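Just so we're clear, the structure is a prediction, and the values are computed from it rather than from any experiment. A, B, ... follow the sequence lines: proteins, then strands. Residue 1 opens every chain.
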Number of protein chains: 2
Amino acid sequence: MTDGVVERSRPRDRILETARDMFHKHGIKGVGVDAITEAAGTNKMTLYRHFESKDELIVECLRANAAKAGSMWDAFEAEFPGDKLAQLHAWVRKAAAMLNADGRGCDMANAAAELTEPDHPARLVIKELKEAQRSRLVTLCRDAGIGQAELLADTLSLLIEGARVSVQTVGTEGPSTQFVRMAEGLIVSFRGTAAG
Amino acid sequence: MTDGVVERSRPRDRILETARDMFHKHGIKGVGVDAITEAAGTNKMTLYRHFESKDELIVECLRANAAKAGSMWDAFEAEFPGDKLAQLHAWVRKAAAMLNADGRGCDMANAAAELTEPDHPARLVIKELKEAQRSRLVTLCRDAGIGQAELLADTLSLLIEGARVSVQTVGTEGPSTQFVRMAEGLIVSFRGTAAG
DNA sequence: TCTGGAAGTTACAGACCGGTAACACCCTAG
DNA sequence: CTAGGGTGTTACCGGTCTGTAACTTCCAGA
């Protein structure tokens, strides 16, 4: 069983962790609640005592993913305290490293591809979380003293987003291999144009 | 019924066209074969007389999409015969225009997000079609006299790919609004660096 | 007009889906 | 020791899914 994660912890935590893992690997519609609870070493009733529906579980998984991704920023600040430019380069390296982690792209982007109903609860939190990520990157660029911070942040956003979907379609040997080169080149180029 | 396309043509064509439209709008796993045949004004038996399985129908839809996208290149050549640089700029404009067409991203990327089984027949054709698109863009860049044609083509690929998924997650008002500016800037920048 | 193949119709098989009811169990806090 | 809440178990509901069987209808070409 490759979808283990059956350590002894509270059932809710096991369900959440297992669901995150299985949604990531197999997609949301590719995993049933029965499969999740079985892999989590519990049962369907317990799931529905902690989550009112599969949709709510999906939303909680996305939030948990975002929280984990958010802690990345704290790690950058801890590693390069105050040096925003170094943190930006750390972000580039980290993003590139994640590209080769597995063949699956961004969980939020994948969820948005699968959950097409315009009023699906997950769509709202996806938008909200993606916008938070964007504003975080904008702030980092601005604090790094880059003039057109929004434009650089948006460009980097599109690049990494594109790299992740590219990995999912053609694999790790495609255009995504050039991501670091592109990103570093952009940062240099943007630092060249008048700051502040 | 928003998913019409029930003009009088041969059932196979109607099924293919309807399936393309519905897969695009609602995702692959979000549409059953019954719904497709009903919207196509036919029935399930007829579908299975023309396609041996839903998976084969999916593959045919992806191929049809790619063929349609491929005809785009011919249109560029027709509009700007021999002027490869103008064709490249036409590609940028066309790609940007498609961003605002609807909130759904690239069908192939979405399919790759949904069909997670590593040996799913669709995964192979997605990779093959994406690689064909990439080599086409590389050729266009090279023929336009750009030095680092591969790098520019890959960068543009990641940007448009990222823009399409961005539209799907945060909508048309997000980072994707800057796509044309980014792409045009890149082309200018790459033309600056030594050509052939 | 006859005929053969394509298409339509109905019903069904077998599996899976999300979600619920009823009840037995265990373990900890009082 | 006891009470009660969290958990596990089993069975079930109604619905949907892909795919098939058997049969009828229609229509174009000889």
Enquirer: Without decimals, in angstroms, what is the distance between A/Asn43 CG and C/dT20 C1'?
Expert: 13 Å
Enquirer: Both B/Arg49 and A/Gly30 contact DNA chain C. Taking the nearest nucleotide for each, which residue is further toward the 5' end?
Expert: B/Arg49
Enquirer: Would you say B/Ser71 and B/Asp74 are linked by a side-chain donor-acceptor pair, where the criterion is simply a distance under 3.5 Å?
Expert: no
Enquirer: How many whole angstroms separate atom CD of B/Glu38 from atom C1' of D/dT18?
Expert: 16 Å
Enquirer: A/Phe51 has an atom CZ; how far is it from atom P of C/dT20, in whole Å?
Expert: 15 Å
Enquirer: When the nearest nucleotide of DNA chain C is assigned to A/Ala35 and to A/Met45 on a heavy-atom basis, which residue is associated with the more 5' position?
Expert: A/Ala35
Enquirer: Return the nearest nucleotide to the side chain of B/Asp34; candidates are C/dC23, C/dG8, D/dT18.
Expert: D/dT18
Enquirer: So if I take every side-chain heavy atom of A/Tyr48 and compare against C/dA7, D/dG19, C/dG19, which nucleotide ends up nearest?
Expert: C/dG19
Enquirer: Examine C/dG8: is either OP1 or OP2 under 4.0 Å from a nitrogen or oxygen in the side chain of B/Thr42? Give yes or no.
Expert: yes
Enquirer: Given C/dG19, C/dA21, C/dG8, which nucleotide is nearest the side-chain atoms of A/Lys44?
Expert: C/dG19
Enquirer: If you compare every side-chain N and O of A/Thr46 against the phosphate oxygens of D/dT7 (OP1, OP2), does one of them come in below 4.0 Å?
Expert: no
Enquirer: Quiz question: by atom type and distance under 3.5 Å, do the side chains of A/Gln178 and A/Arg181 form a donor-acceptor pair?
Expert: yes
Enquirer: Using a strict threshold of under 4.0 Å (side-chain N to carboxylate O), is an ion pair present between A/Glu184 and A/Arg93?
Expert: no
Enquirer: How many whole angstroms separate atom CZ of B/Arg12 from atom P of C/dA6?
Expert: 13 Å
Enquirer: Calculate, to the nearest 0.5 Å, the distance between atoms CZ and CG belonging to A/Arg20 and A/Leu16 respectively.
Expert: 7.0 Å
